[in-house]
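Reading through the structure tokens given below for one structure.
On a predicted model such as this, the values are computed, not experimentally measured, just so you know. Remember, it's 1-based here, ligands and their atoms both numbered in the order they're listed.
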Amino acid sequence: MAEHVYICDVAKHEGKDVTIKGWLYNKRDKGRLQFLILRDGTGFMQAVAFKGDLSEEEFEAARRVTQESSVIARGTVRADKRAPGGYELSLNHFEIVQLTQDYPITPKEHGIDFLMDRRHLWLRSQKQWAIMRVRATVIRAIRDWLDDHGFLLVDAPILTPAACEGTTTLFETEYFGQKAYLSQSGQLYNEATIMAFGRTYCFGPTFRAEKSKTRRHLIEFWMVEPEMAYADLEDCMRIEEEFVSYIVQRTLTERQQELEILERDTSKLEQISPPFPRITYNEALEILRQHGEELPWGEDFGAPHETILASQFEKPIFVHRYPAQCKAFYMEADPEDPRLSLSVDLLAPEGYGEIIGGGQRTASLELLEQRIQEHNLPREALEWYLDLRRYGSVPHAGFGLGIERTVTWICGLHHIRQTIPFPRTLGRIYP
Ligand code: ATP
Ligand code: MG
């Protein structure tokens, strides 16, 4: 029996007989020749069934096999420049494990609702396969970079006693007779862990009941949040540009094939390296004004504004020092102008919008107490957080990078919903 190998490894077996265990992705019927595109999870490969090389029964199986039937195929690996992936399998054995009837996702075009209802099957399609593999690499790059730069993984809880990014997007649940909320961010907990470990990050799912339908918002998304003790706004931006450049370059190196499947023009991504341009919120308002977008001071940017700003530059851009009123309560005030916060967002190029929000956090107990009051936040639930300013408070900074926004940008996708295996969007929780 020929060795079972994965499609991603066939190049190592040129000229040898191997067994592929997978599914039929697509086929072309040329009479005595059947061209079968197989997939096994690690890749896609063409197998050729020639009538003379198989038993009658096996050739008949190759002829009648249907899309997404599970199959076991044995054959000789041959290099062939015309074959996708550069190798082809000349079959000498073919067997159907289960014959699939009426697989709903055919090679023709389908509407998005149809596909979203069948997300559990849609994941088998080549583009979805490519996106998930890019996502895995982005996550791997994130962890490697942080682990190699002195950040300790210290995860934050998912069930929390209070809001941290504003109460309008909170998911409430019942917790043994008390109210609890699904985490919107691990940030407050990171501020505790950096005082214990110096540089930390948490990485996990976050939940926001976003009530507007946009192509950049999910209800459940994954965020990585690095935080640093003894760091300021400037340190934050330096770390972010190194970090994001690494993620992009590593993905370009490791996921060339997938980006090709996605027809991503990678020339723009190749240029992503530090430093990234930095503009202030006030400068951003001026750029918008010059482009006919008058925005009142103090208002946050929407997607169209972000697109205008980003299109002025080739690389991601930092917009820093937003008015305190459009940022979370814990942002440090700008000593030069207390109406401003030491906050910074990173906007991706090509109109993909904000991928990171971050900045320097308030070190002073008094200012924090005042902000909690102004924002109408429950002080009792945040008492522990105030302790961090009572016992050895230091300047500190950090940020949150949204995994799905980053993958949307790197893959060049129109909508964020394809970047997570099972998207939770406004009103949709199936499958
Ligand atoms: P936006 O203004 O676009 O809603 P935000 O200011 O609410 O973003 P932050 O609270 O700073 O975002 O969150 C940090 C990062 O998390 C964002 O830069 C983005 O990458 C990601 N993010 C935030 N909300 C969502 C969401 N609903 N779906 C997917 N990613 C999100
Ligand atoms: Mg938001």
Go through ligand 1 atom by atom and flag the ones less than 4.0 Å from a non-hydrogen atom of Glu210.
24 (N), 26 (C), 27 (N)
Ligand 1 atoms in contact with Gly400 (distance to a heavy atom under 4.0 Å)
14 (C), 15 (C)
Should Lys327 be counted as touching ligand 1, given the test is an N or O pair under 3.5 Å?
no
Taking N or O atoms only and a 3.5 Å limit, does Met223 qualify as a polar contact for ligand 1?
no
Considering the heavy atoms of Ile416, write down every atom of ligand 1 situated less than 4.0 Å from one of them.
29 (C)
Quick one: look at Arg216 and ligand 1, take heavy-atom pairs under 4.0 Å, and tell me if it's side chain, backbone, both or neither.
backbone
Check the surroundings of atom CD in Glu260: do more than 12 heavy atoms from other residues, nucleotides or ligands lie under 6.0 Å from it?
no
Asp40 side chain to Ile7 main-chain N or O, any donor-acceptor pair under 3.5 Å?
yes
Can you tell which of Arg208, Gln187, Arg424 gets a heavy atom nearest to atom 13 (O) of ligand 1?
Arg208
Is the shortest N/O to N/O distance between His217 and ligand 1 below 3.5 Å?
yes
Checking the N or O distance criterion of under 3.5 Å, is ligand 1 in contact with Phe221?
no
Face-on cation placement of Arg278 at Phe276 ring, 6.0 Å and 45° thresholds
no
Tell me, please, whether Trp145 has Arg250 positioned over its six-membered ring: NZ or CZ under 6.0 Å from the ring centre and within 45 degrees of its axis?
no
Could you walk me through whether Glu366 and Arg389 satisfy the salt bridge (Lys or Arg N to Asp or Glu O under 4.0 Å) test, starting with their C-alpha distance in whole Å, then the side-chain angles of each, then the deciding distance to 0.1 Å, before giving a yes or no?
CA-CA 9 Å; Glu366 292 67 39; Arg389 275 63 177 183; over 6 Å; no
Structural part of Arg405 in contact with ligand 1, heavy atom criterion under 4.0 angstrom:
side chain
Ignoring angles and geometry beyond distance, decide whether Glu354 reaches within less than 3.5 Å of ligand 1 through its nitrogen or oxygen atoms.
yes
Between the main-chain N or O of His320 and the side-chain N or O of Asp345, is there a donor-acceptor pair closer than 3.5 Å?
no
Measure from the side-chain N and O atoms of His110 to the backbone N and O of Thr106, and report whether any donor-acceptor pair falls under 3.5 Å.
yes
NZ/NE/NH1/NH2 to OD/OE distance under 4.0 Å, Arg135 and Glu404
yes
Proximal atoms of ligand 1 relative to Leu218 (non-hydrogen, under 4.0 Å)
26 (C), 27 (N), 28 (N), 29 (C)
